[in-house]
There are 2 protein chains.
Amino acid sequence: MTSTEPDRTTVAPGVPGTRPTRQRRAVGEVLASFDDFRSAQEIHTLLGQRGESVGLATVYRTLQLLADAGEVDVLRSEDGEAIYRRCSSTHHHHLVCRSCGATVEVEGPAVERWTSAIADEHGYVDISHTLEIFGTCRACAG
Amino acid sequence: MTSTEPDRTTVAPGVPGTRPTRQRRAVGEVLASFDDFRSAQEIHTLLGQRGESVGLATVYRTLQLLADAGEVDVLRSEDGEAIYRRCSSTHHHHLVCRSCGATVEVEGPAVERWTSAIADEHGYVDISHTLEIFGTCRACAG
DNA sequence: CCCTGAATTGACAAGCGTTCTCAATTGTCC
DNA sequence: GGACAATTGAGAACGCTTGTCAATTCAGGG
Ligand SMILES: [Zn+2]
Ligand SMILES: [Zn+2]
Ligand SMILES: [Zn+2]
Ligand SMILES: [Zn+2]
């Protein structure tokens, strides 16, 4: 084999999903600017208002990356639309105002234990769970 | 005034959503034939296999009626699709096998108390909540 | 610097579940 | 039977999300 053969030892694949682009930075900034759950399209609009032009498809892709990385939480609104929020990285649940969207992160060690126990009891393994609380916050209740 | 005038005292409005039609009966029967969560389109297919022709829109409308009446539970699969199951009428949650869909209804008085307490603590009123547990059942885990 | 190539982007076109529209049909009650 | 609201079905419309693909951008290496 001669040296004409491409040197495959230099292939720096460059892991996808890690490149710090203008668009990803912008999405991150917008996510930091609100603390309730917003849809991808709302976030896309907020970006426009900030003068940051980011394609809708890119917004969806970026949110998916962040969700996979555990940097944003994803919920489904009652009509099935996905809504996103930057959250703390520890496992937690949400208390959400049905009217204004104000969100409180809550932890419930007892609930975690309970779900595990129930699953064990019925022979289910590899457990995950969803728990969200909806209500009307003090401000909205008047 | 003569008797030619229509007698408006006999208007029996006839409450919508209460008429026992062939289509509604068929949907009810199919719902009784499985005990995991199925999508509207799956239910529509099952109806076809039974020889009961029911329009897809009618399936959606009927499921919505039953859900409003509290006779079926509606969940959102991970990709946002609505899935339905005939359930007991008392408040409960679900332990669902991610692989085969086998479902167990579970009650958790402690969890109900916990959600109320959390809501009170933060001044939220008029509370509701969602809680679902996903895992792999014994049969699927092998 | 400049090159190379993979990663990323954006405009647009599907894809998919769900709802709407409206004329035709059906069930109820007189 | 007759009258009339409720219901149905076929298809169009809708809104969110994902796929397509050529053009662009970024990270390194030379
Ligand atoms: Zn969160
Ligand atoms: Zn509120
Ligand atoms: Zn938890
Ligand atoms: Zn149930």
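Proteins come first, then strands; the chains are lettered A, B, ... in the order of their sequence lines, and each starts at number 1.
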For B:Val111 and A:Trp114, run side chain to side chain contact (heavy atoms under 4.5 Å, CB included): C-alpha distance rounded to whole Å, both residues' side-chain angles, the deciding distance at 0.1 Å, then the answer.
CA-CA 8 Å; B:Val111 173; A:Trp114 179 78; 3.5 Å; yes
Euclidean distance, atom CZ of residue A:Arg76 to atom P of C:dT18 [Å, nearest integer]:
11 Å
Ignoring backbone atoms, establish whether B:Arg24 has a side-chain N or O less than 4.0 Å from OP1 or OP2 of D:dT7.
yes
Hey, are the side chains of A:Glu105 and A:Cys87 touching, using non-hydrogen atoms and a 4.5 Å cut-off?
yes
Is the shortest side-chain N/O distance from B:Gln64 to OP1 or OP2 of C:dT19 below 4.0 Å?
yes
Write down the distance between CG (B:Leu56) and C1' (C:dT19), rounded to a whole number of angstrom.
10 Å
Tell me whether the side-chain N/O atoms of A:Gln23 come closer than 4.0 Å to OP1 or OP2 in C:dG10.
yes
What is the distance, to the nearest angstrom, from the CD atom on A:Glu42 to the C1' atom on D:dC16?
13 Å
Examine C:dT18: is either OP1 or OP2 under 4.0 Å from a nitrogen or oxygen in the side chain of B:Tyr60? Give yes or no.
yes
Residue whose closest nucleotide on DNA chain D lies nearer the 5' end, A:Pro20 versus B:Leu65:
B:Leu65
OP1 or OP2 of C:dG10 sitting under 4.0 Å from any side-chain N/O of A:Arg22?
yes
Confirm from the modelled atom types if B:Arg19 and C:dT26 form a donor-acceptor pair under 3.5 Å, side chain to base only.
yes
If the threshold is 4.0 Å, N to carboxylate O, is there a salt bridge linking A:Arg86 and A:Asp73?
no
Selection from C:dT28, C:dT18, D:dT17 that lies nearest to any side-chain heavy atom of B:Ala82
C:dT18
Of all the choices, C:dC20, C:dA11, C:dA7, which nucleotide is nearest to the side chain of A:Ala57 once you look at every atom?
C:dA11
Please tell me which of B:Ser39 and B:Thr21 maps to the more 5' nucleotide of DNA chain C, matching each residue to the nucleotide holding its nearest heavy atom.
B:Ser39
Side chains of B:Arg19 and B:Arg24: does their closest heavy-atom pair fall under 4.5 Å?
yes
DNA chain C nearest-nucleotide lookup for B:Arg61 and A:Val59: closer to the 5′ end is A:Val59
Would you call the rings of A:His93 and A:His129 parallel, tilted or perpendicular, taking 30° and 60° as the class edges?
tilted
